[in-house]
Amino acid sequence: MKCVFVTVGTTSFDDLIACVSAPDSLQKIESLGYSRLILQIGRGTVVPEPFSTESFTLDVYRYKDSVKEDIQKADLVISHAGAGSCLETLEKGKPLVVVINEKLMNNHQLELAKQLHKEGHLFYCTCSKFLRH
């Protein structure tokens, strides 16, 4: 069972959660062979309804003491550009897509993502471009 894990860390990134849990995105994720999506939504106000069908499961939670286990189990990690989340995922050798929060004023996250992309560690995009990849 292939799994996608989405993490926003301790922040709130409603655009990412809304984007990934939209019906189009769920269809795309399933069409790519994934059968489980786990959303760690932090302080967000967008709280998708968990569901389970024969072919797909969506799990949602706010926080855990550690997301290491979810990263370990995941076949793909989609993350905000927090340094902790990025480095933890890369340490585990998991494929990583970083989604930049365009609403953050001081976008140091973009600098980190660009640098790690340049070094060949990850892909990055914004919510508006997420579905096109």
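These numbers come from the heavy atoms of this one structure, side chains and all, not from hydrogens, waters or symmetry mates. As the structure is a prediction and not an experimental result, all values here were calculated from the model.
In the displayed structure, Lys64 atom NZ is contacted under 6.0 Å by more than 12 heavy atoms of other residues, nucleotides or ligands. Counted within 6.0 Å of CZ on Phe51, heavy atoms from surrounding residues, nucleotides or ligands total more than 12; the atom is thus considered enclosed. Around the NZ atom of Lys68, the shell of radius 6.0 Å holds no more than 12 heavy atoms that belong to other residues, nucleotides or ligands.
The closest side-chain heavy-atom distance from Pro48 to Val46 is below 4.5 Å. Residues Thr45 and Ser12 form no side-chain contact, since every pair of their non-hydrogen atoms from C-beta on lies 4.5 Å or further apart. With a 4.5 Å cut-off on side-chain heavy atoms, Glu69 and Lys73 count as touching.
Nearest heavy atoms, Leu96 versus Ser79: CD1-CB, 3.8 Å. Taking each heavy atom of Gly44 and Asp14 in turn, the nearest pair found is CA-OD1, 3.1 Å. The minimum heavy-atom distance linking Leu112 with Gly82 is given by the pair CD2-C, 4.4 Å. Here the closest heavy-atom approach between residue Gly9 and residue Tyr63 is recorded as O-CE2, 4.0 Å. Minimum interatomic distance between Tyr34 and Leu76 (heavy atoms only, all atoms of both residues): OH-CB, 3.6 Å. Across Leu58 and Glu49, no two heavy atoms sit closer than the pair CD2-O, 3.5 Å.
Note: Phe123 and His117 have tilted aromatic rings, judged against thresholds of 30 and 60 degrees for the angle between ring planes.
Under the 4.5 Å side-chain heavy-atom criterion for grouping Ile, Leu, Val, Met, Phe, Trp and Tyr, Leu122 is not connected to Leu87 through any hydrophobic cluster. Under the 4.5 Å side-chain heavy-atom criterion for ILVMFWY residues, a single connected hydrophobic cluster contains both Val47 and Leu16.
If you take NZ on Lys2 and CD on Glu30, they are separated by 12.5 Å, rounding to the nearest 0.5 Å. A distance of 13.0 Å separates CD in Gln40 from CG in Asp59, rounded to the nearest 0.5 Å. To the nearest 0.5 Å, the span separating CG on Asp75 from CZ on Phe5 amounts to 13.0 Å. In this structure, OG on Ser35 lies 11.5 Å from CD1 on Ile29, to the nearest 0.5 angstrom. Note that OH of Tyr124 is 6.0 Å distant from CG of Leu110, once rounded to the nearest 0.5 Å.
In this structure a side-chain-to-backbone donor-acceptor pair under 3.5 Å is present from Arg62 to Gly42. At least one donor-acceptor pair closer than 3.5 Å links the side chain of Ser25 to the backbone N or O of Cys19. Side-chain atoms of Lys92 do not come within 3.5 Å of backbone N or O of Ile71 as any donor-acceptor pair. Thr89 places a side-chain N or O within donor-acceptor distance of the main-chain N or O of Ser85, the cut-off being under 3.5 Å.
There is no side-chain donor-acceptor pair under 3.5 Å between Gln115 and Glu111.
Shown are Val6, Val77, Ile38; of these, the side-chain contact (heavy atoms from CB on, under 4.5 Å) with Asp70 is made only by Ile38.
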